[in-house]
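Structure first, commentary second.
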Amino acid sequence: MSSAPSAQEISRDARWLAQALDPATGVARLVEMAPETYRAASFLDDRLLQGPVNARTVPFSEVVGAMPADARGDARWIFHIGHVGSTLIARLLGELTNVLSIREPRILRDLALMPGENRAAILPAVSKLFSRTFAAEEMALVKATSFVSEIAAELVPPGERALFLTVDARTYIATILAGPNSVKEMAALAESRSSRMVTRVHGLRPGNHPAQLAAAAWACEMSSLEAAADAMADRLVMWSNFDRLLGDMANELSAIAAFFGFDAPPERVSAIVSGPLIGRYSKALEYDYSASLRAQLIDQEIRAHGRAIDDALAMLEQSAQESPLLARALARS
């Protein structure tokens, strides 16, 4: 059996992904990656392990210690509310020259679930870990899982850059209702979301209708981003609405690339947004999924559940009267 990678191998480049962390034991899982592996993987959570991988477990303290004090920490970050095309945007940006797109490594979830006092000492090293690339001229782009927004201010160093990706509440609710698996996921996360937003959103009492539960999910994730923005005054944050992005993909993607400092010649952006990725389901490229199909599904749900969606939006407006972050989120969308 091969030995664990050395400190030099860990710090040298992005070959050894810090994929997961067991907070109870302090043991991390490292997975050997190549540029094409990063490019192909929709997610770097445990679904990565369904295929053949070369993985090693090491004390995370050794991983932290491997990162030199002067290691780069300039990764770009995408935080989002879920179901807003973040995987698509991360994939498209990853097609640019010298961008290493890193999509939803599980370790970020593990860190978000840790007590804050246990994270404080290791997060600076985590930011450096995810800034590693395969070449000096490359730049890393990290797309987090939605609830990792809770620790966005801890992950992004001062002076660095993050994209906050959203949609308006009506579109979000209809998007959730259009997907049976999304409805199941929403129900499973309802309790944890309620706990997460208890200090941010007040007077929100969703009933049992899925539209109201989806509205509460939107309130949780949007208020998380709004709180993160407040805590990131010394970082650069760009807000983007996915529907506006879909309406002018080439120009909007160019604007995001410019914000991140990526090299994005117009002809390359044009080739990317007219290429095959734009018509596939980004979480599973074997399935067709286009902007027009998405619009049809959303319109279908609004027509079928319009009254319930209106009631859910009214619930949000009522709660916003005593929840400044929610009021700001509604005004933003």
Side-chain angles (χ1 to χ4, degrees), residues 3-23 26-35 37-39 41 44 48 54-79 90 93-94 96-112 114 116-145 148 151-163 228 231-232 234-237 259-263:
S3 60
S6 67
Q8 182 182 22
E9 290 174 311
I10 292 170
S11 64
R12 181 175 56 211
D13 56 30
R15 174 186 169 196
W16 287 100
L17 168 72
Q19 188 263 341
L21 171 65
D22 182 350
V27 171
R29 180 192 297 126
L30 303 182
V31 176
E32 188 174 23
M33 304 284 288
T37 319
Y38 279 106
R39 186 170 181 266
L44 298 174
L48 179 67
N54 181 19
R56 299 287 180 267
T57 55
V58 298
F60 193 55
S61 59
E62 294 184 10
V63 180
V64 171
M67 299 308 298
D70 61 351
R72 62 192 294 190
D74 60 351
R76 288 5 187 169
W77 295 82
I78 297 177
F79 300 100
L93 291 169
L96 293 170
T97 302
N98 293 329
V99 176
L100 177 65
S101 183
I102 304 171
R103 295 181 284 272
E104 298 201 18
R106 185 191 127 174
I107 193 170
L108 298 181
R109 302 184 199 175
D110 298 334
L111 290 164
M114 289 174 61
E117 60 272 17
N118 295 349
R119 285 195 304 267
I122 60 176
L123 278 177
V126 171
S127 296
K128 294 174 182 177
L129 277 168
F130 284 104
S131 296
R132 296 170 304 157
T133 58
F134 289 98
E137 63 272 18
E138 276 189 323
M139 189 168 288
L141 171 67
V142 186
K143 189 202 83 145
T145 308
V148 175
I151 61 168
E154 301 173 56
L155 287 167
V156 183
E160 297 302 339
R161 298 168 186 256
L163 174 71
M232 295 171 67
D234 58 351
R235 287 78 153 176
L236 297 172
V237 173
F259 168 74
F260 280 146
F262 298 158
D263 182 22

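Along the sequence shown, residues carry numbers from 1.
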Problem set entry | Check against salt bridge (charged side-chain N to carboxylate O under 4.0 Å, His left out), Arg15 and Asp13 | CA-CA 6 Å; Arg15 174 186 169 196; Asp13 56 30; over 6 Å; no
Exercise. Under the side chain to side chain contact (heavy atoms under 4.5 Å, CB included) criterion, do Leu48 and Met33 qualify, and how do the steps go?
Worked result: CA-CA 11 Å; Leu48 179 67; Met33 304 284 288; 4.1 Å; yes
For this session: Dump the intermediate steps for side chain to side chain contact (heavy atoms under 4.5 Å, CB included) on Asp263 and Asn98, then the final yes or no.
Result: CA-CA 8 Å; Asp263 182 22; Asn98 293 329; 5.9 Å; no
For this session: Could you give me the CA-CA distance, side-chain angles and deciding distance for Ile78 and Arg76, then say whether side chain to side chain contact (heavy atoms under 4.5 Å, CB included) is met?
Result: CA-CA 7 Å; Ile78 297 177; Arg76 288 5 187 169; over 6 Å; no
For this session: Report the C-alpha separation of Thr133 and Met139 in whole Å, then their side-chain angles, then the decisive distance to 0.1 Å, and conclude whether the side chain to side chain contact (heavy atoms under 4.5 Å, CB included) test is met.
Result: CA-CA 6 Å; Thr133 58; Met139 189 168 288; 5.5 Å; no
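In terms of heavy-atom proximity, Leu21 sits nearest to Gly26 at CD1-C, 4.1 Å. Ala125 and Val64 make their closest contact through CB-CG1, 3.7 Å (heavy atoms, listed as atom of the first residue, atom of the second, distance). Closest approach of Pro105 to Leu17, counting heavy atoms only: CB-CD1, 4.5 Å. Between Ser101 and Gly94, the closest heavy-atom pair is CB-CA, 3.8 Å. In terms of heavy-atom proximity, Gln19 sits nearest to Val31 at CB-CG2, 3.9 Å. Here the shortest heavy-atom pairing between Leu123 and Glu154 reads CD1-OE1, 3.1 Å.
Counting only distance, with no hydrogens or angles, the side chain of Glu160 and the backbone of Pro157 share no donor-acceptor pair below 3.5 Å. Using modelled atom types, no side-chain atom of Lys128 and backbone atom of Ser11 make a donor-acceptor pair closer than 3.5 Å. One N or O on the side chain of Glu138 and one on the backbone of Ala135 form a donor-acceptor pair closer than 3.5 Å.
Screening Val156, Val126, Leu111, Leu108 for a side chain to side chain contact (heavy atoms under 4.5 Å, CB included) involving Ile151 leaves a single residue, Leu111. The side-chain hydrogen bond (donor to acceptor under 3.5 Å, both in side chains) test with Thr145 is passed by exactly one of Glu104, Arg106, Arg103: Glu104.
Atom CZ of Arg109 and atom CD1 of Ile107 lie 12.5 Å apart (nearest 0.5 Å). Rounding to the nearest 0.5 angstrom, the gap separating the CG atom in Asp110 from the CZ atom in Phe60 is 9.5 Å. Here Trp77 contributes atom CH2 and Arg161 contributes atom CZ; the two are 16.0 Å apart, rounded to the nearest 0.5 Å. Here CZ of Arg132 is found 6.0 Å from CE of Met67. Values are rounded to the nearest 0.5 Å. Atom-to-atom distance recorded for Ile102:CD1 and Leu141:CG is 8.0 Å, nearest 0.5 angstrom. Rounded to the nearest 0.5 Å, atoms CZ (Arg56) and OG (Ser3) are 7.5 Å apart.
Sparse packing is recorded around CD of Gln8, with 12 or fewer heavy atoms of other residues, nucleotides or ligands lying under 6.0 Å away. Applying the 6.0 Å contact sphere to CZ of Arg39 captures no more than 12 heavy atoms from other residues, nucleotides or ligands.
Contact check for Leu155 versus Val148: side-chain heavy atoms found under the 4.5 Å cut-off. You'll find the side chain of Leu30 reaches within 4.5 Å of the side chain of Pro5, heavy atoms only.
Applying the ring pair (Phe, Tyr, Trp, His ring centres under 6.0 Å) criterion to Phe130, with sequence neighbours excluded, gives no partner residue.
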